[in-house]
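Following: one structure in structure tokens, then a few remarks.
Just so you know, these numbers use all the heavy atoms, side chains as well, and skip hydrogens, waters and symmetry mates. The chains referred to below are lettered A, B, ... by the order of the sequence lines, with proteins before strands, and numbering in each begins at 1.
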2 protein chains.
Amino acid sequence: MGMGRPREFDAELALDQAMEVFWRHGYEGATIAQLTEAMGINPPSLYACFGNKEGLLKAALDRYTKLRGAWMDEVVAAPTAREVAERMLMGIADKQTDPANPPGCLLVQGGIACGSGSENVPFELAARRAQNEDQLRDRFIRAKAEGDLKESADPAALARYVSAVSVGMGVMASSGADREALRQVADVAVQAVEAQSADRT
Amino acid sequence: MGMGRPREFDAELALDQAMEVFWRHGYEGATIAQLTEAMGINPPSLYACFGNKEGLLKAALDRYTKLRGAWMDEVVAAPTAREVAERMLMGIADKQTDPANPPGCLLVQGGIACGSGSENVPFELAARRAQNEDQLRDRFIRAKAEGDLKESADPAALARYVSAVSVGMGVMASSGADREALRQVADVAVQAVEAQSADRT
DNA sequence: CCACATCTGTAGTGAACACTACATATCTGG
DNA sequence: CCAGATATGTAGTGTTCACTACAGATGTGG
């Protein structure tokens with residue numbers, strides 16, 4: 001039995017294009033026509049490969065988080081909680097204003113609120129954001145164990161805080177804030193983590 | 001010449017219902033059918049009164065910002081920059097988890113990214129968020145002039161920071177964060193403003 | 001009571017949407 | 001070279017969308 005006609009397009013390359021459309025217009029704002037045109041394929045190819053629109057989004061999210069995963073590993077590899085926050089927020093200021101991508105963060109732009117029938121799209125995005133928060137929380141737990149954070153510090157609250165600032169910066173980037181403005185926000189935000197850090201003796 | 005048949009519904013009451021639909025589903029996710037049902041009117045009444053869907057959104061946003069305006073005035077009336085930030089963020093933690101409203105903030109849930117044809121909806125929301133930021137900035141400028149903030153403090157950056165944290169908290173609220181979680185974020189966030197405050201002598 | 005103006009409910013309108021049937025093309029295994 | 005399997009392009013499908021034509025209802029000014 002044969003294996004059938006091979007795919008004529010590169011799925012990962014097509015995903016990159018789809019990712020950008022979702023990023024710019026959100027899940028509901030992105031149409032199949034826009035997606036297929038950006039991907040350089042026709043609707044039947046899209047549905048054969050990804051199932052449906054939501055399947056395509058999930059595949060794009062997988063690719064997005066995979067690409068960002070390596071960077072997050074670098075972030076949590078910073079030696080102190082303060083530097084973790086700094087790397088994270090400064091890096092986000094740069095990434096979210098990188099002209100190579102749409103402004104903001106796909107995990108926010110993708111869709112915060114959706115209409116009936118797409119209710120789990122916001123859930124899906126929230127789950128991916130929570131992964132980053134968990135990674136930060138684990139890192140801050142370690143920082144506290146190492147005496148890098150004060151005894152009174154709450155690692156989960158700190159992680160949630162850094163995550164919240166990231167999201168807020170993303171929304172600002174998508175509505176026109178430039179890199180310098182975001183860096184100033186990051187700079188202020190880091191001081192809260194600094195305040196939770198143990199004194200250097 | 002006569003004045004015509006009078007309107008049979010209360011426009012402000014209807015706006016409150018429309019506001020909630022936009023809040024929960026976003027601009028694109030909200031359908032005219034949902035809106036008219038929630039408002040208790042038929043489509044022709046909606047279009048006669050508000051022009052079109054986008055006109056209805058703007059009217060709802062006007063009402064939203066008007067309702068919040070009084071509260072923002074209380075916020076900036078706090079005696080110090082630190083207390084302004086604390087009132088703002090703690091109040092937001094409570095408001096965004098108030099079961100009387102959908103979770104989060106209408107100025108975010110309304111629509112961060114939109115499809116072609118609704119591009120100015122995100123602009124409209126961003127403009128309203130910027131108003132709050134401006135109000136905070138002016139307050140922090142005063143705080144600096146009063147010696148309440150350090151000489152090195154940047155009032156515009158601080159206002160942008162508080163605004164970013166607010167937005168981030170809103171997104172978290174809409175994805176299930178409870179009041180206590182948001183209060184912890186607010187608590188950490190305030191410490192950055194504290195770090196920018198002049199020492200009490 | 002009549003001319004006029006505005007609102008309301010019914011019942012649609014064309015357009016855009018996500019998605020697919022089908023014929024054709026291109027592969028593998030025998 | 002043939003049979004089975006999968007991909008592709010064309011051209012749609014039914015549904016849902018924002019929006020409206022129209023006729024009847026309800027008001028005001030003369």
Side-chain angles (χ1 to χ4, degrees), chain A residues 1-15 17-19 21-22 24-60 110-111 113-121 124, chain B residues 1-15 17-19 21-22 24-61 110-111 113-122 124:
Chain A
M1 7 171 163
M3 287 170 54
R5 178 175 174 176
R7 185 175 292 139
E8 290 185 3
F9 64 95
D10 180 336
E12 289 207 328
L13 215 66
L15 261 186
Q17 307 307 317
M19 200 170 77
V21 175
F22 283 131
R24 201 175 294 280
H25 297 292
Y27 176 74
E28 294 194 306
T31 69
I32 297 291
Q34 285 175 323
L35 290 163
T36 53
E37 183 179 350
M39 299 166 85
I41 60 177
N42 291 309
S45 299
L46 190 159
Y47 285 89
C49 192
F50 302 104
N52 56 20
K53 191 182 176 185
E54 197 169 328
L56 176 61
L57 174 71
K58 286 184 185 172
C114 273
S116 312
S118 310
E119 289 95 347
N120 55 332
V121 167
E124 196 72 32
Chain B
M1 5 172 162
M3 287 169 52
R5 179 175 174 177
R7 182 175 295 138
E8 290 186 1
F9 64 96
D10 180 337
E12 289 207 327
L13 215 66
L15 262 187
Q17 308 306 317
M19 200 170 77
V21 175
F22 282 132
R24 202 174 293 279
H25 298 292
Y27 176 75
E28 293 194 306
T31 69
I32 297 292
Q34 285 174 324
L35 289 164
T36 52
E37 183 179 351
M39 299 167 83
I41 60 178
N42 291 310
S45 298
L46 190 160
Y47 284 89
C49 192
F50 302 106
N52 56 19
K53 191 182 174 184
E54 197 170 328
L56 176 61
L57 175 71
K58 286 184 186 172
L61 291 177
C114 272
S116 312
S118 310
E119 290 93 348
N120 55 333
V121 167
E124 195 72 31

Suppose we screen for side-chain hydrogen bond (donor to acceptor under 3.5 Å, both in side chains). Which residues come up paired with B:E124, at least two apart in sequence or across chains? B:R128
Have a look at the helix from C:dC1-D:dG30 to C:dG30-D:dC1 and give the angle its two end axes make, five pairs each, rounded to 10 degrees. 10°
Of the listed nucleotides D:dT26, C:dC19, D:dA18, the one nearest the side chain of B:R5: D:dT26
By side-chain contact (heavy atoms from CB on, under 4.5 Å) - contacts of A:S118 (at least two apart): A:Y27, A:E28, A:C114, A:V121
Is it the case that atom CD in B:E119 sees more than 12 heavy atoms from other parts of the structure closer than 6.0 Å? yes
Quick one: does NZ or CZ of B:R24 land under 6.0 Å from the six-membered ring centre of B:F22, within 45 degrees of the ring axis? no
Please enumerate all residues that pass side-chain contact (heavy atoms from CB on, under 4.5 Å) together with B:D10, with sequence neighbours excluded. B:E12, B:L13
Rounded to the Å, how far apart are B:N52 CG and D:dC17 P? 17 Å
Atom CG of B:L57 and atom P of D:dA18 are separated, to the nearest Å, by 13 Å
Find the distance B:L56:CG to D:dC19:P and express it as a whole number of Å. 10 Å
So, with a heavy-atom separation below 4.0 Å from DNA chain D, the residues of residues 33-48 of chain A are A:N42, A:P44, A:S45
If the condition is side-chain hydrogen bond (donor to acceptor under 3.5 Å, both in side chains), which residues does A:Q34 pass it with, not counting sequence neighbours? B:S116
Hey, which sits more toward the 5' end of DNA chain C by its nearest nucleotide, A:T31 or A:E8? A:T31
Could you check A:R7 against B:E28 and say which one's nearest nucleotide on DNA chain D is further toward the 5' end? A:R7
Restricting to salt bridge (Lys or Arg N to Asp or Glu O under 4.0 Å), what partner residues turn up for A:E54, sequence neighbours left out? none
Looking only at D:dG29, D:dG27, D:dC19, the nucleotide nearest the B:M3 side chain is D:dG29
Between atom CZ in B:F22 and atom C1' in D:dA18, what is the gap in whole Å? 12 Å
Pairwise 5' ranking along DNA chain D for B:P6 and B:E54, keeping only the more 5' one: B:E54
Applying side-chain contact (heavy atoms from CB on, under 4.5 Å), name anything that partners B:A113, two or more places apart in sequence or on another chain. A:Q109
With A:R5 via salt bridge (Lys or Arg N to Asp or Glu O under 4.0 Å) - residues at least two apart: A:E8
